[in-house]
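Order of appearance sets the numbers: ligands from 1, and atoms from 1 within every ligand.
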Amino acid sequence: MAKLNSRFGSNYMSKNNPRILISDLCEVLEEYMSKSQVEGVYQAYIIAATAHDGQYRKSGEAYVFHPLSVAMILAEFKLDYYCIVAALLHDCIEDTLVTYDEIKYDFGDEIAHIVEGVSKLTDLEFHDAADKQAQNFRKLFLAMSDDMRVILIKLADRLHNMRTLGSMARAKQLRIAKETSEIHAPIARRLGLNSIRVELDNLCFAIIHPFRHKVLVSQIKKQCGNRSKVIKHIQGALENRLGEEGMAKVEIHGRRKQPCSIYKKMKVKQLKFAQVLDMYAFRVVVDSVAECYQTLGVIHNLYKPLPGKFKDYVALPKSNGYQSLHTILFGPNNIMIEVQIRSKDMHFVSEYGIAAHWHYKSENNDNNAELASNWLGSLLDIQQQSGTSIEFLENAKTDLSPSEVFVFTPDGDIIQLPYKSTVLDFAYMVHTNIGEHTFKARVDQILAPISTVLRSGQTVRIITDEDTHPQASWLQIATTAKARSAIKSYLKSQSSSSLIQLGRYLLDNACEYLHVEIEKISTEKWADCLKSLSCQSKEEMFLRIGLGEVLVSVVLNQLQCDGDHCLIENIKVSDTQSKAINCAQCCYPIPGDQVVGLLTSSKGMVLHRSDCTNFMHIKHKNSQWLGVDWQTKENEEFEVKILIDVNNQRGTLASIANCMAKQGVNIENIEVNERDNYLKSLGLVIAVTNTEQLALVIEQLTALDFVQDVKRF
Ligand code: MN
């Protein structure tokens with residue numbers, strides 16, 4: 001070990017960066033790890049030291065001191081073996097010849113996976129400092145790590161880099177500090193990693209506002225000397241009173257304010273330095289929740305509380321799980337005393353945050369592991385009780401099952417999507433116009449179909465095509481609400497445009513029959529018509545005709561009627577071959593009958609006999625029918641149904657068929673109903689040209705001796 005250390009050149013060391021040796025790390029680990037695990041950590045160190053051999057940091061220090069320091073930061077959180085080994089190897093895949101497979105071979109899947117996760121995060125580059133981007137970037141960070149230990153290593157990595165930022169150029173220092181204060185410090189806060197968060201905040205503050213930092217530090221130093229007497233006095237008073245009340249075992253600490261938090265307080269509350277530092281801060285740690293409130297009572301009895309300043313974060317924990325009672329008191333000589341009261345469990349959580357979850361499980365601190373899982377569980381409770389969105393919890397959840405993915409646009413903007421979103425979802429998320437013309441995409445430069453499921457960290461470039469439009473099948477591809485509703489509304493607008501076409505067609509057709517020249521209808525007439533139908537536009541009217549909500553005849557009446565006098569006459573129908581005209585199957589109208597035309601949206605005009613019972617019913621429901629003047633081409637035949645009662649004897653059907661054939665009439669269909677032993681009832685559908693021919697047919701049939709009765713259906 002000594003031999004290795006001696007090779008690591010430079011004597012660079014600083015207050016922020018005391019040189020950590022592997023022996024120091026092992027010493028800390030021995031407190032909570034088994035001997036064989038410490039041995040494994042040492043092996044990892046040898047591999048890292050060998051791999052990074054010849055690499056130096058900007059400070060001139062041998063590179064391996066960096067992973068060693070990162071591991072040390074995490075060891076202070078008592079993180080598990082896997083996390084510490086991964087921390088030692090965290091820059092190996094990225095910066096050395098060591099591969100994922102080698103790590104997997106030496107240390108197993110879990111550690112290789114964590115190291116790879118850290119490397120992936122290292123690849124990310126933070127582009128934009130806009131607030132929303134920073135927020136997304138934080139989420140990306142969390143979403144890309146399926147193991148929270150990746151984040152813990154990344155935060156420790158950043159902390160050590162911040163501690164050693166002094167040797168960088170000013171511009172780079174500023175950039176890294178800014179990134180840290182926008183990404184890493186808030187993540188540390190979310191995850192409840194207080195000590196890391198406080199240190200990151202202060203390091204950033206020192207770099208971003210060097211002058212203010214310097215002034216504050218010297219002021220704090222100056223004040224400290226004067227204050228120690230007061231602090232001792234108050235602490236003594238608190239201890240005495242609590243002892244009298246039977247709580248002798250409480251821990252009371254005077255808390256030192258950090259320059260960064262003082263500065264924030266000055267800024268937010270518009271206070272002067274003296275005002276902020278007038279505050280004396282204490283922390284009381286007790287055994288149980290009940291004792292928290294008991295202590296509060298005792299303290300409020302000792303010193304008068306400042307009204308409106310009491311905060312109960314025990315009953316209503318902060319979003320990162322932080323619990324404490326906060327109060328401010330009027331102390332002796334009118335000095336203000338800030339007191340935090342919490343139980344040991346709460347203190348553990350406030351110190352360790354999510355790291356507690358991976359807190360090394362040994363016989364001694366089983367309790368802690370249990371506590372951590374209780375804590376995660378209680379976060380769930382908090383969320384359910386308060387109903388507020390707890391970002392931390394969402395983030396913590398990404399650890400277990402990622403519910404979101406974060407992908408980049410070609411410009412480096414981050415788009416947040418639900419888990420299992422596709423290229424098509426991404427396109428719609430960027431813009432509906434892009435979504436509607438999505439043809440395919442390049443995902444990390446590789447061509448991909450629109451159904452490709454995206455993963456966090458990918459860069460997606462959409463390839464659009466003017467001729468591509470949403471299709472019903474896209475609904476199977478899109479998962480986001482935004483994409484799906486846009487696709488649905490497009491499809492709906494498409495179908496409504498075909499309904500508009502249908503409505504226009506129906507009206508045009510009807511006008512043709514009526515010989516109404518639609519072009520000649522005045523604007524005033526149209527306006528009246530639209531108004532009486534409560535339609536905003538002709539399109540809306542056509543749509544409603546197409547939907548069957550407005551009847552063409554109503555429109556025609558509106559357009560044609562002049563006051564009470566309707567100008568509509570019987571329309572002339574001649575082309576019954578066209579699909580737009582159909583004869584009703586209920587009454588079998590034939591030329592020569594009195595007929596009416598019923599306009600329908602599905603079958604065009606349907607002709608009925610004017611005495612048809614079906615038609616009588618329909619007529620009452622709507623007025624969209626017109627008198628028809630039926631003119632046919634020569635020899636055009638129409639079906640008609642006749643009912644014949646005959647004596648029940650053999651050969652009747654043959655005789656009837658014979659009779660029909662003689663007159664050149666085709667029988668299309670025959671129904672036979674035997675009424676009794678003597679009478680048969682026949683229903684015949686025959687084809688005739690008009691009523692005259694039908695009359696002749698009926699006459700001939702009646703003449704047959706076995707026929708009792710003939711009538712038209
Ligand atoms: Mn690193």
Side-chain angles (χ1 to χ4, degrees), residues 8-10 12-14 16-22 24-25 41 44-77 79 82-100 102-103 107 111-126 137 140-142 144-145 147-168 172-173 175-181 183-185 187-188 193 196 199-200 203-204 207 355 457:
F8 297 148
S10 153
Y12 177 85
M13 260 197 265
S14 75
N16 278 338
N17 185 32
R19 177 170 292 176
I20 304 294
L21 304 178
I22 181 63
D24 301 328
L25 179 65
V41 170
Y45 165 75
I46 298 294
I47 287 174
T50 312
H52 289 296
D53 191 22
Q55 295 176 348
Y56 294 90
R57 303 200 87 210
K58 199 96 186 174
S59 58
E61 188 179 43
Y63 196 91
V64 76
F65 284 111
H66 166 64
L68 200 47
S69 304
V70 171
M72 191 61 160
I73 291 168
L74 297 167
E76 280 158 10
F77 278 88
L79 287 172
Y82 303 93
C83 191
I84 301 297
V85 169
L88 283 171
L89 302 173
H90 83 266
D91 280 329
C92 276
I93 293 182
E94 188 77 4
D95 295 337
T96 77
L97 297 172
V98 174
T99 64
Y100 172 87
E102 282 166 5
I103 295 176
F107 298 100
I111 287 171
H113 186 74
I114 298 172
V115 173
E116 190 189 39
V118 176
S119 307
K120 267 198 240 157
L121 285 189
T122 309
D123 286 342
L124 286 180
E125 233 181 277
F126 178 59
F137 214 87
L140 173 64
F141 240 74
L142 293 157
M144 271 188 76
S145 328
D147 190 313
M148 201 55 85
R149 287 171 291 189
V150 169
I151 301 287
L152 296 174
I153 292 172
K154 204 62 207 163
L155 289 174
D157 176 53
R158 180 52 63 111
L159 179 57
H160 185 248
N161 286 338
M162 283 298 296
R163 283 177 184 171
T164 54
L165 211 54
S167 40
M168 299 279 181
K172 194 163 184 190
Q173 285 185 12
R175 186 184 69 74
I176 293 177
K178 225 173 156 222
E179 182 183 281
T180 304
S181 73
I183 310 292
H184 302 80
I187 289 177
L193 301 161
I196 289 184
E199 192 176 348
L200 286 177
L203 289 167
C204 291
I207 285 166

Looking only at N, O or S atoms, find the one in [X] nearest to the Mn ion (ligand 1) and name it.
X      : answer
Asp157 : OD1
His66  : NE2
Asp91  : OD2

Is any side-chain heavy atom of Leu68 less than 4.5 Å from a side-chain heavy atom of Asp24?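 No, side chains not in contact.
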Exercise: do His52 and Thr96 side chains pair donor with acceptor under 3.5 Å: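 No, no side-chain donor-acceptor pair sits under 3.5 Å.
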Near the Mn ion (ligand 1), is there an N/O/S atom from His90 that is less than 2.8 Å away?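 Checking His90: at least one N, O or S atom is under 2.8 Å.
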Counting neighbours of CZ on Phe107 that are heavy atoms of other residues, nucleotides or ligands and sit closer than 6.0 Å, is the number greater than 12?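 Yes - once you tally the heavy atoms of other residues, nucleotides and ligands closer than 6.0 Å, there are more than 12.
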Would you mind checking if Arg175 and Glu179 are paired as a salt bridge, meaning a charged N to carboxylate O distance below 4.0 Å? yes
